[in-house]
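Below is one structure, written out as structure tokens; comments come after it.
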Amino acid sequence: MSFEKKLKAIIKEEGYSQAGFASEIGISTSAVEKYISGKQEPAGGVMLRIVNHEKFKKYTLWLMTGDVNPDAGQICPAFSTQEKCGLTIGNGDIQKKA
């Protein structure tokens, strides 16, 4: 599962536009566009802004590893959001078990 698709799913799940997400974490919209298109990976400082942000920290484990741990509050976006972002395969199975 690619980082760019997971980031896109998080942004959609939380109801942000790319510009809104960029503003929320304090980076440029063009940077978010580069991350989502796969043209650039975020630097460590940007990743820390995402995973430490109150609204997005619940996705940290999934964003970094593809795993979830609901008992620890670590979740992934809803299946329907993942499907829209191309994170599922044809039969409805998630590419990496969540």
Side-chain angles (χ1 to χ4, degrees):
M1 219 180 300
S2 68
F3 172 82
E4 57 265 18
K5 286 183 179 179
K6 289 192 278 187
L7 183 60
K8 182 178 179 181
I10 290 169
I11 293 168
K12 281 186 179 281
E13 182 73 10
E14 292 298 317
Y16 284 94
S17 64
Q18 290 180 14
F21 177 79
S23 176
E24 189 71 28
I25 62 168
I27 62 172
S28 69
T29 302
S30 64
V32 173
E33 290 169 356
K34 289 176 186 173
Y35 305 150
I36 290 178
S37 69
K39 293 179 181 174
Q40 183 178 342
E41 291 193 17
V46 173
M47 282 298 287
L48 287 174
R49 286 182 185 193
I50 297 169
V51 301
N52 286 318
H53 191 285
E54 189 61 35
K55 293 181 182 176
F56 310 119
K57 66 171 74 177
K58 62 189 171 194
Y59 302 114
T60 300
L61 184 61
W62 181 73
L63 183 62
M64 303 298 286
T65 69
D67 295 327
V68 295
N69 184 350
D71 293 336
Q74 289 295 298
I75 62 171
C76 63
F79 179 78
S80 59
T81 301
Q82 291 186 48
E83 193 172 42
K84 289 176 190 171
C85 294
L87 292 172
T88 59
I89 20 184
N91 65 2
D93 292 336
I94 298 174
Q95 289 180 3
K96 185 170 184 176
K97 187 176 180 178

>> With side-chain contact (heavy atoms from CB on, under 4.5 Å) as the criterion, how do L87 and K8 come out once you've worked through the C-alpha distance, each side chain's angles and the decisive distance to 0.1 Å?
In response: CA-CA 10 Å; L87 292 172; K8 182 178 179 181; over 6 Å; no
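- At least one donor-acceptor pair closer than 3.5 Å links the side chain of K6 to the backbone N or O of L63.
- Of all heavy-atom pairs between I11 and S17, the closest is CG2-O, 4.0 Å.
- Linking Ile, Leu, Val, Met, Phe, Trp and Tyr whenever their side-chain heavy atoms come within less than 4.5 Å leaves F79 and L61 in two separate clusters.
- Scanning both residues, G86 and K5, for their nearest heavy atoms gives O-NZ, 3.5 Å.
- Once rounded to the nearest 0.5 Å, the distance linking OG of S30 with NZ of K39 reads 11.0 Å.
- With values rounded to the nearest 0.5 angstrom, K12 atom NZ is found 11.0 Å from S80 atom OG.
- Panel note: side chain Q82, backbone A9; no donor-acceptor pair is recorded below 3.5 Å.
- For the pair T81 and K84, the minimum side-chain heavy-atom distance is 4.5 Å or more.
- The distance from the CD atom of E54 to the CD atom of E24 is 11.0 Å, given to the nearest 0.5 Å.
- The two residues I25 and H53 have their closest heavy-atom pair at CG2-CD2, 4.2 Å.
- A donor-acceptor pair under 3.5 Å is absent between the side-chain atoms of T65 and the main chain of W62, judged by distance alone.
- In this structure a side-chain-to-backbone donor-acceptor pair under 3.5 Å is missing from S23 to G20.
- Residues D67 and Q74 form no side-chain contact, since every pair of their non-hydrogen atoms from C-beta on lies 4.5 Å or further apart.
- Inter-residue side-chain proximity for I10 and I50 is flagged as unmet; no heavy-atom pair is nearer than 4.5 Å.
- With a 6.0 Å radius and a threshold of 12 heavy atoms from other residues, nucleotides or ligands, E41 has its CD atom at or below the threshold.
- Using a cut-off of 4.0 Å between Lys/Arg side-chain N and Asp/Glu carboxylate O, K55 and E14 are scored as not salt-bridged.
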>> Before you tell me yes or no, could you show the steps for Y35 and F21 under ring-ring contact (aromatic ring centres under 6.0 Å, His included), namely the whole-Å CA-CA distance, both residues' side-chain angles and the distance that decides it to 0.1 Å?
In response: CA-CA 12 Å; Y35 305 150; F21 177 79; 8.8 Å; no
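- Here the closest heavy-atom approach between residue Y59 and residue C76 is recorded as CE2-C, 3.9 Å.
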